[in-house]
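Residue numbering restarts at 1 for every chain, and letters A, B, ... go by the order of the sequence lines.
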Amino acid sequence: MEEKYPMAIRYWLMKCEPAAYTIDDLDRDGRASWEGVRNYQARNFMRDGMQVGDKVLFYASNADPSGVTGLAEVVRAGYPDHTAWTAGHEYFDEGSSADAPRWFMVDIGFVARFAATIPLETLKKTPGLEDMMVIQKGSRLSVQPVTRAEYEIVRTLGSAVP
DNA sequence: GCCAACGTTGGC
DNA sequence: GCCAACGTTGGC
């Protein structure tokens with residue numbers, strides 16, 4: 001990954017189930033904090049990698065069809081996920097505290113909503129996207145880096161939808 | 001709803 | 001430090 005992705009990664013893919021949040025919700029809200037991620041690899045990307053202005057492919061998982069539904073951008077870089085500190089909260093983690101936060105989140109802002117979802121199946125068939133993490137079998141990471149080329153291909157697919 | 005793939009936990 | 005058991009993710 002060191003060679004494929006430059007030191008400052010500028011492009012990402014973020015997954016969310018429609019039951020939890022959609023690109024339309026983001027359109028309505030303008031921005032959203034991405035709390036509740038409880039995976040160390042995804043945490044590391046949000047804590048150490050994502051910077052204001054980075055571009056995001058918004059991906060709907062467990063959807064019909066699953067796929068990229070729009071574009072977002074990072075509007076606040078990684079900061080502690082305080083939802084881990086409240087006992088009883090669904091994202092509570094007793095191993096995290098304000099003094100020693102274990103989990104981090106970013107804020108993203110709405111950029112665009114695709115007229116139609118770009119299904120996973122289309123991503124798999126599109127030349128240039130062969131190495132995208134999201135199309136690999138068993139890929140579960142909810143925050144993933146993508147290359148600039150991959151981002152541009154998907155953005156173009158989204159714009160081309162009637 | 002099924003189940004394969006994956007991440008985490010905990011016994012040893 | 002291994003690895004089996006378990007819980008979760010997410011496509012289908």
Side-chain angles (χ1 to χ4, degrees), chain A residues 1-2 4-5 9 11-27 29 32-50 54-72 74 78-108 110 112-147 150-151 153-158 160-161:
Chain A
M1 201 156 76
E2 282 71 24
K4 186 169 173 187
Y5 303 99
I9 298 170
Y11 304 92
W12 308 90
L13 179 145
M14 298 176 85
K15 292 182 191 173
C16 190
E17 299 195 12
Y21 206 73
T22 67
I23 191 69
D24 288 327
D25 292 331
L26 187 60
D27 188 7
D29 298 338
S33 57
W34 212 251
E35 74 267 10
V37 174
R38 297 293 178 265
N39 169 282
Y40 287 104
Q41 212 176 340
R43 186 277 310 267
N44 293 346
F45 283 134
M46 291 198 292
R47 185 189 61 185
D48 307 328
M50 300 179 92
D54 287 5
K55 308 299 185 187
V56 176
L57 298 173
F58 194 102
Y59 183 91
S61 59
N62 257 323
D64 186 22
S66 294
V68 179
T69 55
L71 307 174
V74 178
Y79 62 105
D81 182 346
H82 56 81
T83 65
W85 306 337
T86 307
H89 194 283
E90 67 171 317
Y91 298 136
F92 176 66
D93 177 3
E94 64 177 359
S96 185
S97 66
D99 286 342
R102 172 178 290 176
W103 304 111
F104 284 72
M105 57 186 177
V106 298
D107 290 355
I108 62 172
F110 177 80
R113 177 195 187 283
F114 290 166
T117 300
I118 308 304
L120 177 60
E121 189 182 354
T122 300
L123 301 179
K124 288 178 176 174
K125 286 192 278 194
T126 301
L129 302 183
E130 296 86 356
D131 294 334
M132 259 188 111
M133 226 179 265
V134 73
I135 71 168
Q136 310 305 319
K137 185 175 181 177
S139 165
R140 285 171 30 177
L141 194 59
S142 64
V143 177
Q144 321 178 343
V146 302
T147 66
E150 289 162 350
Y151 175 87
I153 289 170
V154 177
R155 187 179 64 77
T156 302
L157 286 174
V161 171

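Counting non-hydrogen atoms of neighbouring residues, nucleotides and ligands closer than 6.0 angstrom, the CD atom of A:Glu130 exceeds 12 such neighbours.
Distance A:Leu13 CG to C:dG10 C1': 14 Å, rounded to the nearest Å. Whole-Å rounding puts the A:Lys137 NZ to C:dG10 C1' distance at 13 Å. Regarding A:Tyr40, its OH atom lies at a distance of 11 Å from the C1' atom of B:dG7, rounded to whole Å. Atom CG in A:Asn62 sits roughly 14 Å away from atom P in C:dT8 (whole-Å rounding). Between A:Leu141 atom CG and B:dT8 atom P the separation is 10 Å, expressed in whole Å. Between the CD atom of A:Glu17 and the P atom of C:dT8 there is a distance of 13 Å, rounded to whole Å. Rounded to an integer number of Å, the gap from A:Gln144 CD to B:dC6 P is 13 Å. Atom CD of A:Glu121 is separated from atom C1' of C:dG10 by 16 Å (rounded to the nearest Å).
A salt bridge does not link A:Asp81 to A:Arg43: none of the charged side-chain nitrogens sits closer than 4.0 Å to a carboxylate oxygen. A salt bridge does not link A:Arg38 to A:Asp93: none of the charged side-chain nitrogens sits closer than 4.0 Å to a carboxylate oxygen.
Of all non-hydrogen atoms in A:Phe110 and A:Leu26, the two that sit nearest each other are CB-O, 3.6 Å.
Between A:Ser66 and C:dG10 there is no side-chain N or O to OP1 or OP2 distance below 4.0 Å. Between A:Lys124 and C:dC12 there is a side-chain polar atom (N or O) within less than 4.0 angstrom of OP1 or OP2. The phosphate of C:dG11 has OP1 or OP2 within less than 4.0 Å of a side-chain N or O from A:Tyr59. The phosphate of C:dT9 (OP1 or OP2) has no side-chain N or O of A:Lys15 nearer than 4.0 angstrom.
Comparing atom distances between the A:Gln41 side chain and each of B:dA5, B:dT8, B:dG7 picks out B:dG7 as nearest. In the set B:dG7, B:dA5, C:dG11, B:dG7 carries the atom at the smallest distance from any side-chain atom of A:Asn39.
Aromatic pair A:Tyr40/A:Trp103: ring centres closer than 6.0 Å.
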